[in-house]
K.L.:
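Sharing a structure below in structure tokens format, with a few things to ask.
Below, chain A is the first sequence line, B the second, and so on; all start at residue 1.
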Number of protein chains: 2
Amino acid sequence: MPGSGKGELAKILREKGIKVITMSDVLREKYYKEAKEGERLMDFAKRIRELYGKGAVAKLCIEKIEKEKIVAFDGVRNWEEIEEFKKIGDVTIIAVHSPPKLRYERLLKRGRKDDTLTVEGLMKRDWEELEMGIGNVIALADYILINDSTIEEFKSKAEELLKRIL
Amino acid sequence: MPGSGKGELAKILREKGIKVITMSDVLREKYYKEAKEGERLMDFAKRIRELYGKGAVAKLCIEKIEKEKIVAFDGVRNWEEIEEFKKIGDVTIIAVHSPPKLRYERLLKRGRKDDTLTVEGLMKRDWEELEMGIGNVIALADYILINDSTIEEFKSKAEELLKRIL
Ligand SMILES: Nc1ncnc2c1ncn2[C@@H]1O[C@H](COP(=O)(O)O)[C@@H](O)[C@H]1O
């Protein structure tokens, strides 16, 4: 979910030399080429899914794999994407969870251009993500990393988990 | 999710003197009175929701509250139930998560009469729960307790959390 800290996990993976494919980057690449005038990224993603199936963004990401043995995908949104990944190898799902209150605080502080800047707006965005099916992926995750205290603690939890499973 | 260990959390809450309302018990009470011949509990639950709204089971449970200041509801399945609880007080959502593989192992071992006894059957049941909307509740939980090692470790994590929030 937005503001959970999954970007931090991606950073740690990269530091370990693992290729991380950021799904929103891959989506954005297509968006810049094919989006309609004024279409939001999220609406473009919905349209792509309607046109090419719910696993469409995962398929685009899979094309980015070269010869890596281990690849991380940052930004899974639904179970159909997981099904795509399963077609090409073993899949381990790691979810990152933070309490909504904390996520909203972080997002309001971060104030990224494309982030909404009211709690109401953030809740609306949460529900857009949930409607895509992200809750199912979290519920069926192999591991959930809890990010509810300091960044240092989160990093050490993540390191510990990665040591166990890589 | 089935086999996650949420029953253990309910036990700990009870030991602390907190009233726990088991949503499936309340549902079952109505089921015994009103279910159609051969109707499964889960299908009855779906029907009740179609008839009386998605928060219907929560409404039934709320009727069971007497004068308690703190009540725990064991078995939330969708966000509309949370909305019902929010109408009557402050709500804190605690999810219990275990890796699916571990849940299936536990459920196969437990072999409760109403548990399916194949991994395929368990996966199907998972998806029935997910379709009710439980993934959204997990994604938006205030706390997620991870139950992926021993029961003792889970108990101590739960105790620690409850000390913090009660
Ligand atoms: N809040 C609820 N809404 C609908 N069905 C429920 C609910 N709670 C329990 N059930 C049903 O009762 C079964 C056992 O629930 P539980 O005791 O929570 O594992 C579930 O598989 C559901 O079919």
K.L.:
When clusters are formed by joining ILVMFWY residues with side-chain heavy atoms under 4.5 Å apart, either directly or through shared neighbours, do B/Leu145 and A/Leu140 land in the same one?
P.N.:
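B/Leu145 and A/Leu140: separate clusters.
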
K.L.:
Is it possible for you to say whether A/Phe154 and B/Leu161 belong to one hydrophobic cluster, with membership spreading through side-chain heavy-atom contacts below 4.5 Å?
P.N.:
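Hydrophobic grouping puts A/Phe154 apart from B/Leu161.
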
K.L.:
A/Leu130 versus chain B, heavy atoms under 4.5 Å apart: side chain, backbone, both or neither?
P.N.:
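Both backbone and side chain of A/Leu130 come within 4.5 Å of chain B.
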
K.L.:
Identify the heavy atoms of A/Ala141 and B/Pro100 that sit nearest to each other, and give their distance.
P.N.:
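Taking A/Ala141 first and B/Pro100 second, the nearest heavy atoms are O-CD, 3.2 Å.
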
K.L.:
Give me the atom names and distance for the closest heavy-atom approach of A/Gly135 to B/Ala139.
P.N.:
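Reported closest heavy-atom pair: CA-CB, 4.3 Å.
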
K.L.:
Do B/Ile138 and A/Ile146 land in one hydrophobic cluster if side-chain heavy atoms of ILVMFWY residues count as linked below 4.5 Å?
P.N.:
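Yes.
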
K.L.:
Through direct or indirect side-chain contacts below 4.5 angstrom among Ile, Leu, Val, Met, Phe, Trp and Tyr, which residues connect to A/Met132?
P.N.:
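Result for A/Met132 is A/Met42.
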
K.L.:
Between chain B and chain A, which N or O donor and acceptor atoms come closer than 3.5 Å?
P.N.:
unit_1: B/His97; atom_1: NE2; unit_2: A/Ala141; atom_2: O; d: 3.1
unit_1: B/Ala141; atom_1: O; unit_2: A/His97; atom_2: NE2; d: 3.1

K.L.:
May I ask whether B/Ile21 and B/Leu13 are part of the same hydrophobic cluster, defined by side-chain heavy atoms of I, L, V, M, F, W, Y residues being less than 4.5 angstrom apart, directly or through others?
P.N.:
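Unlinked, B/Ile21 and B/Leu13 end up in two clusters.
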
K.L.:
Please check if A/Ile165 and A/Val137 belong to a single hydrophobic cluster, counting links between Ile, Leu, Val, Met, Phe, Trp and Tyr side chain heavy atoms closer than 4.5 Å.
P.N.:
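They do not share one cluster, since no chain of ILVMFWY contacts under 4.5 Å joins A/Ile165 to A/Val137.
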
